[in-house]
Amino acid sequence: MIEGGDVKPNEATLVSVLTASASLGSLDRGIWVHSYINENEKIEPDVLLSTALLTMYAKCGAMELAREVFDKMSERNVVSWNSMIIGYGIHGHCEKSLETFMEMEKNGPVPNDTTFLCVLSACTHAGMVLEGWWYFDLMQRVYKIEPKVEHYGCMVDLLGRAGLIKDSEELIRNMPMEAGPALWGALLSSCKTHSNFKLGEIVGKRLIELEPKDVGPYVLLSNIYAMEGKWDDVEKVRKMMKEKGLQKDAGFSLVDLVGSNGTGSFGEDGSIHKKNMVYSMLSELGAQMKLCCRNFAVRAL
């Protein structure tokens with residue numbers, strides 16, 4: 001479009017490009033768009049374009065650049081504030097996330113349900129249980145916002161990560177709406193993490209009843225049985241998976257290739273030389289770890 005000369009990008013075009021860059025985690029492309037905006041006087045960054053720009057920076061982890069854009073905005077909407085709050089939260093700056101929320105309460109628009117979802121998500125990433133409960137209560141008591149399934153999901157995840165499995169289960173059972181598979185899945189994952197085998201078995205079977213074609217609950221339940229040494233039950237779960245034709249998808253990573261024109265991924269479908277390179281690196285790391293452990297043991301003696 002730029003090289004053609006007849007039609008030039010406008011604000012709507014750049015918002016679309018920034019949204020795509022944010023989804024791909026492509027910071028270089030986002031920075032190039034920002035430079036293009038600054039160099040073209042005909043383009044006036046309105047609240048929508050500026051919000052798209054800071055959201056791109058926030059999703060890519062460049063929070064200082066996101067803050068620069070945010071501070072220069074003459075007008076900010078709820079989405080602008082929410083993007084900053086969730087950006088700080090998911091990148092390990094929960095304190096700044098909560099500070100931004102308090103600043104929003106004083107100088108910004110009225111927080112909405114998405115705002116509290118961002119705040120609760122930040123608390124979850126940081127393991128801030130008391131703060132999470134406080135904002136969950138504040139949302140209902142002060143702002144009269146009824147929690148949705150997503151808010152309960154954050155709280156279940158927060159409590160589960162902290163090892164408060166019983167509280168997490170109680171919250172699910174006392175919800176005013178029916179808990180979906182996502183919430184039970186979060187609880188099952190917490191049961192596995194904190195070795196609560198008894199509850200994990202109950203939740204795992206419940207999840208399989210809710211979503212018999214989802215491979216996730218089978219895998220988690222199988223892992224729980226394996227951790228408890230119940231190999232006969234492990235075999236039963238695997239047999240159920242085989243009978244239903246379920247198979248765990250291979251994992252893969254999406255990587256932004258610096259200096260290239262796109263992104264790359266590797267996983268089960270990657271080329272053999274990439275696999276060998278990764279395996280070689282892991283083998284070398286393993287050897288180094290064994291050597292360090294051996295040296296430590298000799299020094300201890």
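Just so it is clear, the model here is predicted, and its values are computed rather than measured.
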Audit row: Lys242, Lys239, side-chain contact (heavy atoms from CB on, under 4.5 Å) steps and yes/no = CA-CA 5 Å; Lys242 188 175 181 180; Lys239 186 178 179 181; 5.6 Å; no
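- Judged purely by atom type and a 3.5 angstrom limit, Glu228 has no side-chain atom pairing as donor or acceptor with the backbone of Ile224.
- Shown here for Met155 and Gly132, the closest heavy-atom pair between the two residues is SD-O, 3.8 Å.
- Tyr152 places a side-chain heavy atom less than 4.5 Å from the side chain of Phe136.
- Between the side chain of Thr115 and the backbone N or O of Asn112, at least one donor-acceptor pair lies under 3.5 Å.
- Annotation for Asp232: atom CG does not count as buried by contact number, only 12 or fewer foreign heavy atoms lying within 6.0 Å.
- Annotation: side chain of Pro45 is in contact with side chain of Ile37 (closest heavy-atom distance under 4.5 Å).
- Listed for the Arg238 side chain is no donor-acceptor partner under 3.5 Å among the backbone atoms of Ser222.
- Taking the side chain as every heavy atom from C-beta outward, Tyr88 and Glu99 never approach each other to under 4.5 Å.
- In this structure, Tyr218 and Pro212 have side chains that are in contact, with non-hydrogen atoms separated by less than 4.5 Å.
- By the criterion of side-chain heavy atoms lying less than 4.5 angstrom apart, applied directly or through intervening Ile, Leu, Val, Met, Phe, Trp or Tyr residues, Val142 is grouped together with Ile145 in one hydrophobic cluster.
- In this structure, CD1 on Ile165 lies 9.5 Å from CD on Glu169, to the nearest 0.5 angstrom.
- Counting only heavy atoms from C-beta outward, the side chains of Leu138 and Glu105 approach each other to under 4.5 Å.
- The distance from the CD1 atom of Ile202 to the CH2 atom of Trp184 is 9.5 Å, given to the nearest 0.5 Å.
- A salt bridge links Asp157 with Arg161: the closest approach of a Lys/Arg side-chain nitrogen to an acidic carboxylate oxygen falls below 4.0 angstrom.
- Under a 4.0 Å N-O distance rule, the pair Glu201/Lys205 qualifies as a salt bridge.
- Counting only distance, with no hydrogens or angles, the side chain of His91 and the backbone of Ala58 share a donor-acceptor pair below 3.5 Å.
- When all heavy atoms are compared, the tightest approach of Glu103 to Arg67 is OE1-NH2, 3.4 Å.
- The local environment of CD in Glu95 is sparse, with at most 12 non-hydrogen atoms from other residues, nucleotides or ligands closer than 6.0 Å.
- With Trp134 as the aromatic partner, Arg141 meets the cation-pi criteria of under 6.0 angstrom to the ring centre and within 45 degrees of the ring axis.
- Note that CG of Leu54 and CE of Met73 are 6.0 Å apart. Values are rounded to the nearest 0.5 Å.
- Glu64 CD: 12 or fewer foreign heavy atoms inside a 6.0 Å radius.
- Looking only at atom types and distance, the side chain of Asn77 has a donor-acceptor partner in the side chain of Ser80 under 3.5 Å away.
- The minimum heavy-atom distance between Ala52 and Val15, with the atom names listed, is CB-CG1, 4.1 Å.
- Within 6.0 Å of NZ in Lys148 there are 12 or fewer heavy atoms belonging to other residues, nucleotides or ligands.
- For Trp81 and Phe101, the ring centers are positioned 6.0 Å apart or more.
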Under 3.5 Å, which donor-acceptor pairs link side chains of residues 116-129 to any protein atom two or more places apart or in another chain?
unit_1, atom_1, unit_2, atom_2, d
Thr124, OG1, Leu120, O, 2.9
Thr124, OG1, Cys154, O, 3.3
His125, ND1, Ser121, O, 2.9

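- Checking side-chain atoms of Asn196 against main-chain N and O of Leu199 turns up a donor-acceptor pair under 3.5 Å.
- Using a 4.5 Å cut-off on side-chain heavy atoms (C-beta onward), Tyr225 and Lys236 make no contact.
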Stepwise, does the side-chain contact (heavy atoms from CB on, under 4.5 Å) test hold for Asp46 with Glu75?
-> CA-CA 8 Å; Asp46 57 8; Glu75 180 187 356; over 6 Å; no
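- With rounding to the nearest 0.5 Å, the separation of CG in Leu188 from CG in Leu220 is 4.5 Å.
- Val156 approaches Ala186 most closely through the heavy-atom pair CG1-CB, 4.1 Å.
- Side chain of Glu11 to backbone of Glu44: a donor-acceptor contact under 3.5 angstrom is found.
- Of all heavy-atom pairs between Tyr143 and Pro111, the closest is CE2-CD, 3.6 Å.
- At a threshold of 4.5 Å between side-chain heavy atoms, the hydrophobic network of Ile, Leu, Val, Met, Phe, Trp and Tyr places Val79 and Val69 in two separate groups.
- Note that the CG atom of Leu130 and the OH atom of Tyr135 stand 12.0 Å from one another [nearest 0.5 Å].
- Using a 4.5 Å cut-off on side-chain heavy atoms (C-beta onward), Leu183 and Val149 make contact.
- Closest of all the heavy-atom pairs between His151 and Asp113 is NE2-O, 2.8 Å.
- Hydrophobic cluster membership of Ile90, counting Ile, Leu, Val, Met, Phe, Trp and Tyr whose side-chain heavy atoms lie under 4.5 Å apart directly or via other members: Ile86.
- With Thr100 contributing its side chain and Lys96 its backbone, the two residues share a donor-acceptor pair below 3.5 Å.
- We find the CG-CE distance between Leu14 and Met56 to be 11.0 Å, quoted to the nearest 0.5 Å.
- The main-chain N or O of Val17 is found under 3.5 Å from a side-chain atom of Ser21 such that the two form a donor-acceptor pair.
- Within the 4.5 Å cutoff, side-chain heavy atoms of Arg76 are placed close to those of Asp71.
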